[in-house]
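Just so it is clear, the structure is predicted and the values come from calculations on it, not from any experiment. Values reported hereafter were calculated over all heavy atoms of this structure, with side chains retained and with hydrogens, waters and symmetry mates removed.
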Amino acid sequence: RVEQQIKVQNAEAAWINARENLAIAESQAKSDIDKAQLTFDFAVQDLKKYKEGEYPKLEKEAVSNVSKTKESLELANEKVKWSKILFDEKYLSQSELQTDELSAFRNQIDLETATADLELLKNFTYKRQIAQLESDVTQAEMALERTKRQANANIVQASAELQAKLSEFDQQKNKLTKLEDQISKAKIKAPIVHALRGKEHV
């Protein structure tokens with residue numbers, strides 16, 4: 001009986017441990033899924049933010065820069081045109097004309113740079129950033145799915161372990177109950193010896 005009582009206690013401890021493991025698995029599953037869901041949500045938001053916020057702003061700034069440098073170049077070219085007339089009429093020095101021409105040249109370089117920046121933004125930066133952000137969304141979505149499956153598998157395993165430990169606990173309790181019932185019904189019979197040795201008859 002003592003040996004069976006120990007088995008019951010051990011089975012009960014194992015069952016309690018399995019019950020706690022299931023609770024931990026469920027809690028960890030929720031935590032992992034929440035974290036993966038948040039990562040996925042952020043990836044979706046980052047993609048939307050770039051498409052609808054950051055890129056339009058960058059494009060607008062780049063277009064505006066092209067427009068400004070184009071206007072500056074047109075003004076500089078107009079100034080060079082009049083400076084040449086004034087130079088031909090001896091109203092402007094050679095150095096002043098060269099200064100205006102240099103300014104127009106710089107504006108031309110600025111326009112080419114601004115135009116190149118806009119093309120780079122449209123044809124390379126945008127495409128690369130979109131590809132990266134879309135990949136982030138896809139990876140986050142797959143990670144979320146994997147996390148959900150792993151979490152579910154962990155819970156199923158912990159549930160099965162709990163059920164097994166509960167069955168073992170019940171089995172050991174039943175054994176103890178039967179054993180105690182058998183002990184209570186057991187009768188110990190001792191043989192009676194009639195010894196008439198040395199009996200005297202009167």
Side-chain angles (χ1 to χ4, degrees), residues 1-65 116-190:
R1 180 169 56 184
V2 171
E3 183 180 344
Q4 187 58 35
Q5 285 174 338
I6 292 172
K7 287 182 179 180
V8 169
Q9 290 172 354
N10 289 339
E12 183 179 17
W15 168 64
I16 292 171
N17 187 57
R19 188 178 61 189
E20 293 304 311
N21 285 341
L22 175 59
I24 291 170
E26 289 173 339
S27 176
Q28 187 65 51
K30 184 179 184 309
S31 177
D32 291 345
I33 290 172
D34 287 348
K35 184 178 178 182
Q37 182 69 55
L38 194 62
T39 301
F40 172 67
D41 291 343
F42 283 164
V44 172
Q45 289 173 13
D46 287 344
L47 176 59
K48 185 177 180 182
K49 182 176 72 172
Y50 184 75
K51 278 185 174 179
E52 299 178 9
E54 291 178 4
Y55 176 72
K57 179 176 178 290
L58 292 171
E59 185 183 32
K60 186 176 180 181
E61 289 173 352
V63 169
S64 175
N65 194 31
D117 287 344
L118 178 58
E119 291 302 312
L120 186 66
L121 177 66
K122 285 181 175 180
N123 297 325
F124 296 98
T125 305
Y126 174 76
K127 291 179 180 179
R128 181 172 181 175
Q129 189 67 9
I130 288 295
Q132 180 62 57
L133 292 171
E134 286 177 345
S135 174
D136 290 346
V137 170
T138 302
Q139 294 298 322
E141 186 176 23
M142 289 177 4
L144 175 59
E145 185 61 28
R146 284 196 304 270
T147 301
K148 285 180 178 179
R149 292 187 180 205
Q150 184 62 54
N152 185 59
N154 290 343
I155 290 173
V156 168
Q157 183 178 352
S159 297
E161 184 71 16
L162 175 61
Q163 191 58 45
K165 296 302 181 185
L166 178 58
S167 297
E168 177 66 18
F169 180 37
D170 289 340
Q171 185 180 0
Q172 294 299 337
K173 283 194 298 183
N174 289 337
K175 281 185 179 180
L176 179 60
T177 301
K178 288 179 182 178
L179 185 62
E180 288 178 336
D181 184 55
Q182 289 173 356
I183 291 172
S184 67
K185 290 178 181 178
K187 293 179 181 178
I188 300 175
K189 294 182 179 179

Open item on the list: So does Lys60 get a backbone contact from the side chain of Ser64, meaning a donor-acceptor N/O pair under 3.5 Å?
Closed with: no
Open item on the list: Contact between Phe42 and Asp136 at the side-chain level, heavy atoms closer than 4.5 Å - yes or no?
Closed with: no
Open item on the list: Rounded to the nearest 0.5 Å, what separates atom CD in Glu20 from atom CD1 in Ile16?
Closed with: 8.0 Å
TODO: Output the distance between atom CD (Glu54) and atom NZ (Lys49), rounded to the nearest 0.5 Å.
DONE: 4.5 Å
Open item on the list: So does Ala23 get a backbone contact from the side chain of Ser27, meaning a donor-acceptor N/O pair under 3.5 Å?
Closed with: no
TODO: Report yes if some heavy atom in the side chain of Gln129 is under 4.5 Å from a heavy atom in the side chain of Tyr55; otherwise report no.
DONE: no
TODO: Hey, could you give me the CZ/CG distance between Arg128 and Leu133, rounded to the nearest 0.5 Å?
DONE: 12.0 Å
Please tabulate, for the side chains in residues 152-171, all donor-acceptor contacts under 3.5 angstrom to protein atoms that are two or more places apart in sequence or on a different chain.
from, atom 1, to, atom 2, distance (Å)
Asn154, OD1, Gln150, NE2, 3.0
Asn154, ND2, Gln150, O, 3.3
Ser159, OG, Ile155, O, 2.8
Ser167, OG, Gln163, O, 3.0
Glu168, OE2, Gln172, NE2, 2.8

TODO: Could you point out which residue of Leu118, Leu121, Val63 forms a side-chain contact (heavy atoms from CB on, under 4.5 Å) with Leu58?
DONE: Leu121
Open item on the list: Please find the pair of heavy atoms, one from Thr147 and one from Ile33, that lie closest to each other, and give the distance.
Closed with: CG2-N, 3.8 Å
- [ ] Just grab all the salt bridge (charged side-chain N to carboxylate O under 4.0 Å, His left out) pairs involving residues 30-42, residues at least two apart or on different chains.
- [x] Lys30-Asp34
Open item on the list: What's the separation between atom OG1 in Thr125 and atom NZ in Lys127, rounded to the nearest 0.5 Å?
Closed with: 11.0 Å
Open item on the list: What's the separation between atom CD in Gln37 and atom NZ in Lys148, rounded to the nearest 0.5 Å?
Closed with: 5.5 Å
Task: Nearest-0.5 Å distance, CZ of residue Phe40 to CE of residue Met142 - done: 12.0 Å
